Student: 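Have a look at this one before I ask anything.
Because the structure is a prediction, the values reported are computed rather than measured.
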Amino acid sequence: MRLGIVGGGQLGWMIALEAIRMGISVFVLEEDFNAPACKVAKCFKKSEIELFKNLCDKITAEFEHIDEDVINYLEDKLFPSANILRIKKSRSLEKELLKS
């Protein structure tokens, strides 16, 4: 299993550590190679998104504020789904979902 993580902050670092402990290969999409997750996993810049996507079986995100173009490009491998990530970007959409 090969896991991609969008974002290399502390949550990405914690996800990566546990995944590695379970024998999962981890790749991170992060512009700052000094970010915590980049210290334990192979990191890729947005300009390398095609290579990042091709290396991953599944991709998750450590935060909800992801560029729409990144969500669209990675959509078929994202978990949670692209729709959930879009909802998480908007408090009003979150509230609408909860009300429904």
Student: Is the side chain of Asp67 donor-acceptor paired with the backbone N or O of Asp69 at a distance under 3.5 Å, no angle test?
Tutor: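 Pair absent, no side-chain N/O of Asp67 close to backbone of Asp69.
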Student: Given salt bridge (charged side-chain N to carboxylate O under 4.0 Å, His left out), test Arg86 with Glu68 step by step and report yes or no.
Tutor: CA-CA 8 Å; Arg86 288 183 185 106; Glu68 191 65 27; 2.5 Å; yes
Student: Answer yes or no: are there more than 12 heavy-atom neighbours, outside Phe33 itself, under 6.0 Å from its atom CZ?
Tutor: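 For Phe33, atom CZ is crowded (more than 12 foreign heavy atoms under 6.0 Å).
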Student: So which atom in Val26 and which in Ala19 form the shortest heavy-atom distance, rounded to 0.1 Å?
Tutor: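 Result for this residue pair: CG2-CB, 3.6 Å.
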Student: What closest approach, in Å, do Gly4 and Cys56 show between heavy atoms, and which atom pair accounts for it?
Tutor: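 Looking at all heavy atoms of both residues, the closest pair is CA-SG, 3.4 Å.
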Student: Knowing that exactly one of Asp57, Leu3, Ile15 qualifies, which makes a side-chain contact (heavy atoms from CB on, under 4.5 Å) with Ile24?
Tutor: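 With Ile24 as partner, Asp57, Leu3, Ile15 yield a single side-chain contact (heavy atoms from CB on, under 4.5 Å), made by Leu3.
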Student: Can you tell me if Glu62 uses its side chain to pair, donor with acceptor, with the backbone of Gly9 under 3.5 Å?
Tutor: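 Yes: the side chain of Glu62 pairs with the backbone of Gly9.
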Student: Tell me if a side-chain donor or acceptor on Thr60 pairs with a main-chain N or O of Phe79 at a distance below 3.5 Å.
Tutor: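 Yes, because the side chain of Thr60 sits within donor-acceptor range (under 3.5 Å) of the backbone of Phe79.
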Student: Do you know which two heavy atoms are closest between Gly8 and Glu30, and how far apart they sit?
Tutor: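 Gly8 and Glu30 have their closest heavy atoms at N-OE1, 2.7 Å.
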Student: Starting from Ile66, walk the hydrophobic network (Ile, Leu, Val, Met, Phe, Trp, Tyr; side-chain heavy atoms closer than 4.5 Å) and list everyone else you reach, by chain and number.
Tutor: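 Other cluster members: Val6, Phe27, Leu29, Phe44, Ile49, Leu51, Phe52, Leu55, Ile59, Phe63, Val70, Ile71, Tyr73, Leu74, Leu78, Leu85.
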Student: Rounded at 0.5 Å granularity, tell me how far CZ in Arg91 sits from CD in Glu64.
Tutor: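 The CZ atom of Arg91 sits 6.5 Å away from the CD atom of Glu64.
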Student: Let me check something: do Ile84 and Leu98 share a hydrophobic cluster, defined by ILVMFWY side-chain heavy atoms less than 4.5 Å apart, either directly or through other members?
Tutor: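 Shared cluster, no.
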Student: The test is side chain to side chain contact (heavy atoms under 4.5 Å, CB included); show your working for Met1 and Met22 and say whether it passes.
Tutor: CA-CA 10 Å; Met1 173 71 166; Met22 296 185 318; over 6 Å; no
Student: Among residues at least two apart in sequence or on other chains, which ones pass salt bridge (charged side-chain N to carboxylate O under 4.0 Å, His left out) with Glu96?
Tutor: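 Listed in chain order: nothing, the list is empty.
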Student: Could you pull out the closest heavy-atom pair between Val28 and Gly7, with the gap in Å?
Tutor: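 Looking at all heavy atoms of both residues, the shortest contact is CG1-O, 3.6 Å.
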Student: With sequence neighbours excluded, tell me which residues meet disulfide (SG to SG under 2.5 Å) with Cys38.
Tutor: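 Testing Cys38 for disulfide (SG to SG under 2.5 Å), a comparison that skips the adjacent residues, returns Cys43.
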Student: Got a sec: does the NZ of Lys45 have more than 12 other heavy atoms crowding it under 6.0 Å?
Tutor: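 Yes - once you tally the heavy atoms of other residues, nucleotides and ligands closer than 6.0 Å, there are more than 12.
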